[in-house]
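Letters A, B, ... are given to chains in the order of the sequence lines, protein chains preceding strands, and every chain is numbered from 1. All values below come from the heavy atoms of this structure, side chains included, with hydrogens, waters and symmetry mates left out.
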Protein chains: 2
Amino acid sequence: MLRLSKLTDYAVVVLIRLSHGEAVQTSPGIAAGIGLPEPTVAKVLKALAGSGLVSSQRGARGGYRLVRPLSAIPVTDVVAAIDGPIALTACVEGSGTGCEAECTCPVRGRWDLVNDAVRQALGRITLADMDRSTPRPHVRAAAQQPQNLAFTLISAE
Amino acid sequence: MLRLSKLTDYAVVVLIRLSHGEAVQTSPGIAAGIGLPEPTVAKVLKALAGSGLVSSQRGARGGYRLVRPLSAIPVTDVVAAIDGPIALTACVEGSGTGCEAECTCPVRGRWDLVNDAVRQALGRITLADMDRSTPRPHVRAAAQQPQNLAFTLISAE
DNA sequence: GTAATCAGGACTTCCCAGGTCCGATTACAG
DNA sequence: CTGTAATCGGACCTGGGAAGTCCTGATTAC
């Protein structure tokens, strides 16, 4: 269903939570703040730290800290950090069951078209756009119909 | 990994195949033509027929027929036919484990932003764009680097 | 020195995509 | 008009991967 993993959803919540309140926050603290199991949050934070989206401080009174502001973090980066690079299809299977014949797979390579379109669409949206408490500079309509908001956002450029 | 199902991949191939050759084609015939297991192709065709992308003719000498031309079928429709409506997150879980507190889920509803962005990106690409044998009107660069092609396609409008 | 925190891996559980099957329906042939 | 064959339609089963949990080790402030 073109679904992205639940961990990515959590990652967004965690990052936004991290942008509020104290500069450095511990993983149990964040977990308690957003009402998610602690091990899961820890897993997400590890992945985010591995991708450089957050920096970690070990030891007592350690924790995680946001490196960039929310407005400098496109959704693409979060997805890439958790789910790996965006690639909607795993068409490259290697042994080529039927892709060797030129007429057999008429879309060979064409999925990149879709991949990049999605990548760009997600690259335009930052976490600041997704944070309800942040005033969104690109969009200025009412907050009741997110669909129209998105439309405005995209068509504005 | 923001992956769309393999069935959707098949659906695109099937639809393009259906646009070539005979007007009505049987599911075993298509399966043989693209080198995929017949039951799988049949399943894809059923879903496509259910969504009205193809029309089915039962009985002897029956088969499937393309309703609209490829250029009138955006990728969105294929995804919606196979995977259901595009919704990257299943945030709406009903009982609200932690989404009831107002500050608990700071992105509540904001995923629609992303959903619609993806939806629009996919809505701009039609199956004709993905068919290698069809001359693509929007893109006119060389066919060696699909990534750049996609970039051209999107940024051209 | 001690306690608190992150880092990394291995493991189990669960769900759904992927694949397969059999029954219902229709058209053609005699 | 009836029989037959070819096809669609829906239900079933299975394997892979994500989601979540736990443990041990490394690092740093107090």
Side-chain angles (χ1 to χ4, degrees), chain A residues 1-11 13-14 18 22-32 34-67 79 81-84 87-91 93 97, chain B residues 1-11 13-14 18 22 24-32 34-65 79 81-84 87-91 93 97-98:
Chain A
M1 317 185 177
L2 195 76
R3 186 147 294 173
L4 53 82
S5 75
K6 211 182 289 186
L7 275 302
T8 305
D9 190 353
Y10 297 163
V13 180
V14 165
L18 207 49
E22 285 300 316
V24 327
Q25 299 179 35
T26 123
S27 88
I30 298 176
I34 59 184
L36 254 48
E38 193 273 334
T40 302
V41 172
K43 192 177 194 174
V44 168
L45 283 167
K46 287 174 201 170
L48 292 176
S51 309
L53 280 177
V54 303
S55 73
S56 62
Q57 177 77 13
R58 291 167 87 146
R61 295 195 56 88
Y64 290 96
R65 193 163 40 84
L66 209 56
V67 173
V79 174
I82 304 293
D83 288 334
L88 283 80
T89 54
C91 193
E93 290 294 357
T97 59
Chain B
M1 314 181 179
L2 195 76
R3 187 146 294 176
L4 53 81
S5 74
K6 211 182 290 186
L7 275 303
T8 305
D9 190 353
Y10 297 162
V13 180
V14 165
L18 207 50
E22 285 299 317
V24 329
Q25 299 179 35
T26 139
S27 88
I30 298 176
I34 60 184
L36 253 48
E38 192 274 332
T40 302
V41 172
K43 190 175 194 174
V44 168
L45 283 168
K46 288 172 202 169
L48 293 176
S51 310
L53 281 177
V54 302
S55 73
S56 65
Q57 178 78 11
R58 289 168 87 145
R61 296 193 56 88
Y64 290 97
R65 193 164 39 83
V79 174
I82 304 293
D83 289 333
L88 283 80
T89 54
C91 193
E93 290 295 356
T97 59

Over all atoms of both residues, closest heavy-atom pair of Val24(A) and Gly62(A): CG2-O, 4.2 Å
Extract from the structure each pairing of a protein N or O with an N or O of nucleotides 6-8 of chain C at less than 3.5 Å, listing the distance.
residue : atom : partner  : partner atom : Å
dC6(C)  : OP1  : Ser27(A) : N            : 3.2
dA7(C)  : OP1  : Ser56(A) : OG           : 2.4
dA7(C)  : OP2  : Tyr64(A) : OH           : 2.4
dG8(C)  : N7   : Lys46(A) : NZ           : 2.9
dG8(C)  : O6   : Lys46(A) : NZ           : 3.2

Write out a two-atom table: protein N or O, nucleotide N or O from nucleotides 12-16 of chain D, distance below 3.5 Å.
none

Between dA17(C) (C1') and Asp83(B) (CG): distance, integer Å: 9 Å
Minimum heavy-atom separation for Ala47(B) to Ala81(B), with atom names? CB-O, 4.0 Å
From CD1 of Ile82(B) over to P of dG19(C), roughly how many Å is that when rounded to an integer? 13 Å
Here the distance between atom P of dT28(D) and atom CZ of Arg65(A), to the nearest Å, is 15 Å
Send over the distance from Leu48(B) CG to dG10(D) P, rounded to a whole Å. 14 Å
Nearest whole angstrom, please: distance from the C1' of dA4(C) to the CZ of Arg61(A). 11 Å
Determine whether Thr8(B) and Val44(B) satisfy the following criterion, side chain to side chain contact (heavy atoms under 4.5 Å, CB included), listing intermediate values before the conclusion. CA-CA 8 Å; Thr8(B) 305; Val44(B) 168; over 6 Å; no
Shortest non-hydrogen contact between Leu4(A) and Asp9(A), atoms and distance: CD1-N, 4.3 Å
Measure the distance from CD on Glu22(A) to P on dT5(C) and round it to the nearest whole Å. 14 Å
Out of curiosity, Lys6(A) NZ to Ile82(A) CD1, how far, rounded to the nearest 0.5 Å? 14.5 Å
Any side-chain N or O of Thr40(A) under 4.0 Å from OP1/OP2 of dA19(D)? no
Quick note, Ser5(A) side chain, CB onward, closest among dG18(C), dA18(D), dG20(D) is dA18(D)
Say you draw a straight line from CG of Leu45(A) to CD of Glu38(A); how long is it, rounded to the nearest 0.5 Å? 9.0 Å
Among the nucleotides dT20(C), dT21(D), dC28(C), which one has an atom lying closest to any side-chain atom of Pro39(A)? dT21(D)
Closest heavy-atom contact between Ser27(B) and Val41(B)? O-CG1, 3.9 Å
Quick note, side-chain hydrogen bond (donor to acceptor under 3.5 Å, both in side chains) partners involving residues 55-65 of chain B, not counting sequence neighbours, are Ser55(B)-Arg65(B)
Could you go through the side chain to side chain contact (heavy atoms under 4.5 Å, CB included) check for Leu7(B) and Thr40(B) one step at a time? CA-CA 8 Å; Leu7(B) 275 303; Thr40(B) 302; 4.1 Å; yes
